[in-house]
Amino acid sequence: MRAQGYLSVFRMRFLLMLQYRAAALAGFGTQCWWGFIKVMVFAAFFHSSLAHQPLSFAQAVTYTWLGQAFLALLPWSGDPDIAELVRSGNVSYERLRPLDTYFYWYVRAMAFMSARAAPRAAMMFALASLILPLIGFGAWRLRAPATTEAALLFIPAMVAVVLLSSAFMMLINIATVVTMSDRGANALAVPLVIALSGSIVPLPFFPEVMQRFLFLQPFAGLVDIPYRIYFANLSGAVALAGLLQMLTWTAVLVFAGHRAMNSAMTRLQVQGG
Amino acid sequence: MGAFRLYWRYAAASIRAQIQYPGSFLMVAGAQFGVTLLEFAGIWVLFRRFGQVRGWTFGEVAVFYGTINVSFAVAEAVSHGFDVFGTEFVKTGNFDRVLLRPRPPTLQLLGHELRLNRVGRLAQGLVVLAIATRLIGLRWSPARVLLMLATIAGAIALFVGILVLQATLAFWTVESLEIANTLTYGGVEAAQYPLDIYSRWFREFLTFVVPLGCISYFPVAVVLGHAGRLGAPAWFSATSPIFGFVFLCGALGVWCLGVRHYTSTGS
């Protein structure tokens, strides 16, 4: 019964978010443009130096397109509807539902992200892997997974991304409840996410001394680890360690978030009426 | 009251309103400073691995980067009214009220809000320019300073022009469209590197369609003493910031057409 409740929350939210087709198309257009700029910058850099690089040009390009395809899976901000609930005071109704508020919102976050990401990712894969070679940009295309093993590992890795990213989004939601405004938490989240996940520059390009730290910190699981699994830069035991890293951080963040939520809710102040 | 005095009244009122929330202002400005500085660090990471890009050094690219960010910060700060035009004026019907007042709508929209928190990106751009000056030992002769100021003025005009076009589009689409971001944020992203590292079709688009190259690449290359890499004559490179203003005039022309076409949503 409980599980069914969460499942229907997921389904409703997912179907609702799928309705925003114009937003998905506009987002897709922007991401294509962005992808092209980044790929051209990589092309220029790889053209300028023969030094050995941690990723090949083809891998860096694939990394870039994957990043554009799954951009909506990053915890950019809290759930805007929850911020609205906090502003209007309707957050008190959330306490009346026969579901654990943390997991109720967690499932909403999962649906919010995956529904926004799915159509964008499908379009981006079609463009970057099928259409680009047809119009003469074969060198800039999104490659298929490097091996069967990589393809098989990439699926659980992307599921883990949704689980991990939703846990991050919940921390932002909780900060919104505590501070009564989504502004501060959103402003703080963006720099951390873009710098440490690999969205600006793939993490392997960072200096060698930082690599161990970069692999272990929680943001790596949002972008870097799954994409490197995709093109088998991480394979075998290291890939499994990466997956384990992501699931461990998810568990830690969910546990911490659940506790923080309980303490926030016992001191909940409701504004308005 | 003259247009300029009225604008300063608007600006002063907007600034007073924003400093009522010092916490929010500091947080947004600080976050913006941080995010943009991280992006710059990303460029450093790539240069550390690759050494140079098509003959450009890190310090030289930093000059391009700083120039475009300073310009964009100012443009975004002054043209917020155009940026939110679709959602806050057309959709709500508030533009009716703007049209009723006996002052030009363009002036009222420019005066809508002077966004103080863009000072984050502005500060970051200036910091980067200072770093770049140190790195490549750039001597700021009067001629260079003058050309740099003209470049920044041209770039501000161009970005304001793009935001005016985005606003004009809202007369037909009602909502503000995210697609204009490709030219504003995307333009900044592209112009952070010298234009000659890109493919030919992209370069030509950014020179002849949206003259982004004219307000960053060509004049900054002159400042850096690398003019003529793309075969453009020196007189063109030094005067090209004027095309930012040409673009803005064109955009304002289209805007006036849009205003004439405007029908209220009735809400």
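Residue numbers start from 1 in every chain, and the chains themselves are labelled A, B, ... in the order their sequence lines are given, proteins ahead of strands. Not measured: the values here are computed from a predicted model.
Using a 30° and 60° split on the angle between ring planes, B:Tyr185 and B:Phe72 fall in the perpendicular class, above 60°. The aromatic rings of A:Tyr227 and A:Phe70 lie tilted to each other, with the angle between the two planes from 30° to 60°.
B:Arg48 touches chain A through its side chain: at least one heavy atom from C-beta onward sits under 4.5 Å away, while N, CA, C and O do not. Contacts of A:Phe46 with chain B are made by both backbone and side-chain atoms, with heavy-atom separations under 4.5 Å. Contacts of A:Ile37 with chain B are made by both backbone and side-chain atoms, with heavy-atom separations under 4.5 Å.
Counting heavy atoms from C-beta outward, A:Ile200 and B:Val45 have side chains that stay 4.5 Å or more apart. The shortest side-chain heavy-atom distance between B:Thr67 and B:Ser216 does not fall under the 4.5 Å cut-off. Two residues are said to be in side-chain contact when any heavy atoms from C-beta on lie closer than 4.5 Å; A:Ile82 and A:Phe112 fail this criterion.
Among residues 190-212 of chain B, the residues having any heavy atom closer than 4.5 Å to a heavy atom of chain A are, in sequence order, B:Ala190, B:Tyr193, B:Ile197, B:Tyr198, B:Ser199, B:Trp201, B:Phe202, B:Phe205.
Your options are B:Arg54, B:Arg49, B:Glu189, B:Met27, and the one with the most heavy-atom pairs under 4.5 Å with chain A is B:Arg49. Chosen from A:Pro202, A:Ala43, A:Ala51, A:Pro54, the residue pairing most often with chain B at heavy-atom distances under 4.5 Å is A:Pro54. Each of A:Phe205, A:Phe45, A:Trp33 has some count of heavy-atom pairs under 4.5 Å with chain B, and the biggest count is that of A:Phe45.
Each of A:Phe36, A:Phe125, A:Trp140 was scored for a ring pair (Phe, Tyr, Trp, His ring centres under 6.0 Å) with A:Trp65, with one residue passing: A:Phe36. For the ring pair (Phe, Tyr, Trp, His ring centres under 6.0 Å) with B:Phe40, the lone residue among B:Phe33, B:Phe64, B:Tyr65 that qualifies is B:Tyr65.
Remark: side-chain polar atoms of A:Arg212 are not paired, donor with acceptor, to backbone N or O of A:Met210 under 3.5 angstrom.
In this structure, a donor-acceptor pair under 3.5 Å is present between the side chains of B:Gln18 and B:Ser14.
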